[in-house]
Amino acid sequence: MPTSFYNQTINNNKDRLSALKKKSSIISWIRLLCIVVFLLFGFSVWQNAAALNISLVVASIASFGYLVIYSGKLHEKIVHLTALVETCKKEISWINGNYRLYNNGSEWLKVLKDETNDLDSFGEASMFQFLNRTNSYLGGLKLANSLQGKTTKEEILYNQEAIKELKNNPEWLLESHVRSQKAPIPQDTYEHLKAWLNNTGSAFQAKIWHLMPVIVPIISVSTIIALVTSFIPFSLFNIVMLIILIINFSIYKKVTAEYIHLSNVADKIQALSPAFKHIEDATFKSEKLNTIQQSFSNKETGASSEAIHELKSILKRFDYRLNPIVYTILSAVLFWDLRQIFALEKWKLKYHNQFESWLQANAEIEKLVSYATVAFNKPHWVFPTITDNWFKLKMEKVGHPLIVENKSVTNRFNMNHAPTVTIITGSNMAGKSTYLRTVGTNILLAMAGGAVCAQEMECSVMRPVCSMRIADNLSEDTSTFYAELLKMKTIVTAIKNQEHVIVLVDEMLRGTNTFDRHLGSKAFIQQMITQNAVGIVATHDVALVDLKDTYPNNIQLGYFDSVINNDEIEFDYKYKDGVCKTTNASLLMKKIGLEV
């Protein structure tokens, strides 16, 4: 069970974490001891340069240096295991119904022009937030696009195969999620990197600049040797070094601009290496995962993680300029800045075409990890069967993914051919709208290749087009009724173009009078049938069920009802075949104080 897996992981790593923290504390005290030894015997060396004193000073310096490096590695392990434990705790909370732990994707509403958000795809308590385990801008974009329902059968099956494989490897899945958390690449960082990579020009194109990193060390070393051997006076040595430093500092501004450009995103770039390495080292069976994995290595340029490590080394060497003494020595002897600039340009020239593909491949992994984590956390969910026929949609014991399981009521749905329209009537608050969203959200999951909240599902490839949540727009001078007409126009266009869509409409044309609403709704359903469309229409207009007499093979009837016991309304939220015979609006109005 998922909860057992996460609890076991927490327990195992808590012991390791405790041991590492204890070791880190001990090392901190040893480092302090090294400093004390250095100070005590360093002072002794000043007074008496005995071999023992010198040895202890050297040993304390060497030990301190080694312990600093070791402490850094120990700290990385502690941070990693802490993140692992915290992620497990989050997933347990998620399993218990707290789906609001991750970014809700509200930023994608405008990007994808999904202003209406009929199926609660984005925003607080949305499908995006429910699924989201991405940490990069591109990963979020890929997850958001996967909730648009635009796909092919081949793509669905490729995704299904990959998600099933990842679901069955929870250790790898969890590790991937933890590593990607350390390497978040938000949009500004992505755009920053993209601009830098696309700028392949150089501020130091003149041939003389390329000769300087070779000429300067020769001059510097020769001058130092000449001084030591008393071949030249100290004054001449100073003049040569000063000239070298003047030349070096003359390019300081240009180099600093490049340094600042990358130093702002250096930490995020460096964190990509372990995330990429985790993918490179995996053994995959599915075609999609193997294809993604191949994006991270190239026979000519090698593995992506090694390339990122190489970039990390260059950026670290740049950081020496933060120490004035070390920087001055390196500049005088090795012409340090220009040497690192050329190393950066060489790296950029070698990898700039591949870096984007690495980020895209990593984003695809993040998306698949999101779906696979949900599939692992919901072991009773199933992967739907995708059919070639148009049209097929069968769901058994289907529930809404966002409703906590102990409160969820499951239902069924079956539609076997096109054109078919299911007209659902029912009492207020009986569950019609939730039912439409249950069908729609599970279709989106199926089209993405994910597991669905159902006992069984079989479906054609389709895209939901909806008219459920209607809002006016004062800034655009759009009334509620006109806003709905615009949505209906989008649906009609998709139907006319013979797109493979399923229409989901809740209370059609609610912004107009009863007569026109019935006339328009009837015409809309008739047009769906004549143009070979499929859909579900939820309505209070019971007169629409009479269309069953005209189109007996193309109209299905279903309903949700309520029962009134002792002036209390009870709902079972179960879908039933036929037409609703009960009403509850008058009682509901009485309960809020209206005298009806």
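Just the heavy atoms: all of them, side chains too, but no hydrogens, waters or symmetry mates, feed the values below. This one's a predicted model, so the numbers in the text were calculated from it and none came from an experiment.
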Backbone N or O of [Y] within a donor-acceptor pair of the [X] side chain at under 3.5 Å?
| X | Y | answer |
| --- | --- | --- |
| E175 | H278 | no |
| S25 | K21 | no |
| S357 | Q354 | yes |
| T189 | I185 | no |
| R179 | P274 | yes |
| T438 | T434 | yes |
| S273 | S305 | yes |
| Q129 | N103 | no |
| N377 | I95 | no |
| T291 | E287 | yes |

How about [atom1] on [X], more than 12 heavy atoms from neighbouring residues, nucleotides or ligands closer than 6.0 Å, or not?
| X | atom1 | result |
| --- | --- | --- |
| K164 | NZ | yes |
| K77 | NZ | no |
| H80 | NE2 | yes |
| Y158 | OH | no |

Rounded to the nearest 0.5 Å, how far apart are [atom1] of [X] and [atom2] of [Y]?
| X | Y | atom1 | atom2 | value |
| --- | --- | --- | --- | --- |
| S126 | L131 | OG | CG | 8.5 Å |
| F383 | I156 | CZ | CD1 | 13.0 Å |
| N117 | D120 | CG | CG | 6.0 Å |
| R133 | T87 | CZ | OG1 | 10.0 Å |
| L157 | S286 | CG | OG | 12.5 Å |
| R437 | C466 | CZ | SG | 8.5 Å |

Per side-chain hydrogen bond (donor to acceptor under 3.5 Å, both in side chains), H380 is matched among Q455, E405, K397 by E405

query = Using a distance-only test with no angle check, is there a side-chain donor-acceptor pair under 3.5 angstrom linking N135 and Q181?
reply = no

Margin query: Quiz question: by atom type and distance under 3.5 Å, do the side chains of N12 and Q8 form a donor-acceptor pair?
Written below: yes

side-chain contact (heavy atoms from CB on, under 4.5 Å) test vs T385 passes for just one of Q160, M457, E458, namely E458

Least distance between heavy atoms, [X] atom then [Y] atom:
| X | Y | answer |
| --- | --- | --- |
| G139 | E366 | CA-OE1, 3.4 Å |
| L174 | C88 | CD2-SG, 3.5 Å |
| W381 | P401 | CH2-CB, 3.7 Å |
| D118 | M468 | OD1-N, 3.0 Å |
| A125 | L402 | O-CD1, 3.3 Å |
| N104 | S106 | OD1-N, 2.9 Å |

Heavy-atom check, side chain of [X] versus side chain of [Y], under 4.5 Å:
| X | Y | answer |
| --- | --- | --- |
| I443 | L119 | no |
| E499 | V465 | no |
| I308 | F355 | yes |
| I386 | C459 | yes |
| H500 | S460 | no |
| D388 | K153 | yes |
| S121 | L444 | yes |
| I292 | N362 | no |

_Pair K348 + E345: basic N to acidic O under 4.0 Å_ = no

**Q.** Pairing of E191 and K194 as salt bridge, 4.0 angstrom limit
**A.** no

message = Walk me through whether N442 and L445 qualify under side-chain contact (heavy atoms from CB on, under 4.5 Å).
response = CA-CA 5 Å; N442 279 286; L445 288 172; 4.1 Å; yes

Go through the steps to decide whether L143 and S146 satisfy the test side-chain contact (heavy atoms from CB on, under 4.5 Å), and finish with yes or no. CA-CA 5 Å; L143 182 61; S146 74; 3.9 Å; yes

Residues at least two apart in sequence or cross-chain that pass ring pair (Phe, Tyr, Trp, His ring centres under 6.0 Å) with Y99, listed by chain then number, are W94, F130

Hits for ring pair (Phe, Tyr, Trp, His ring centres under 6.0 Å) against Y102, two or more places apart or cross-chain, chain-then-number order -> H177

With a 6.0 Å cut-off on the ring centroids, do Y190 and W358 count as close? no

The single option from E165, E161, E155 that satisfies salt bridge (charged side-chain N to carboxylate O under 4.0 Å, His left out) with K288 is E155

Residues passing the side chain to side chain contact (heavy atoms under 4.5 Å, CB included) test with Y66, sequence neighbours excluded, are Y70

Test side-chain contact (heavy atoms from CB on, under 4.5 Å) applied to V439 and V398, step by step: CA-CA 8 Å; V439 172; V398 62; 5.6 Å; no

| message | Run the side-chain contact (heavy atoms from CB on, under 4.5 Å) test on H192 and D188 for me, step by step, so that the C-alpha distance in whole Å, both residues' side-chain angles and the decisive distance to 0.1 Å come before the verdict. | response | CA-CA 6 Å; H192 201 76; D188 58 343; over 6 Å; no

Parallel, tilted or perpendicular: which fits the ring planes of W108 and F128, with parallel below 30° and perpendicular above 60°? tilted

Mind running salt bridge (Lys or Arg N to Asp or Glu O under 4.0 Å) on K73 and E76 for me, showing each step along the way?
CA-CA 5 Å; K73 292 179 179 178; E76 286 181 7; over 6 Å; no

Quiz item: Can you check side chain to side chain donor-acceptor pair (under 3.5 Å) on T373 and E91, steps first, answer last?
Solution: CA-CA 9 Å; T373 301; E91 293 303 330; 5.6 Å; no

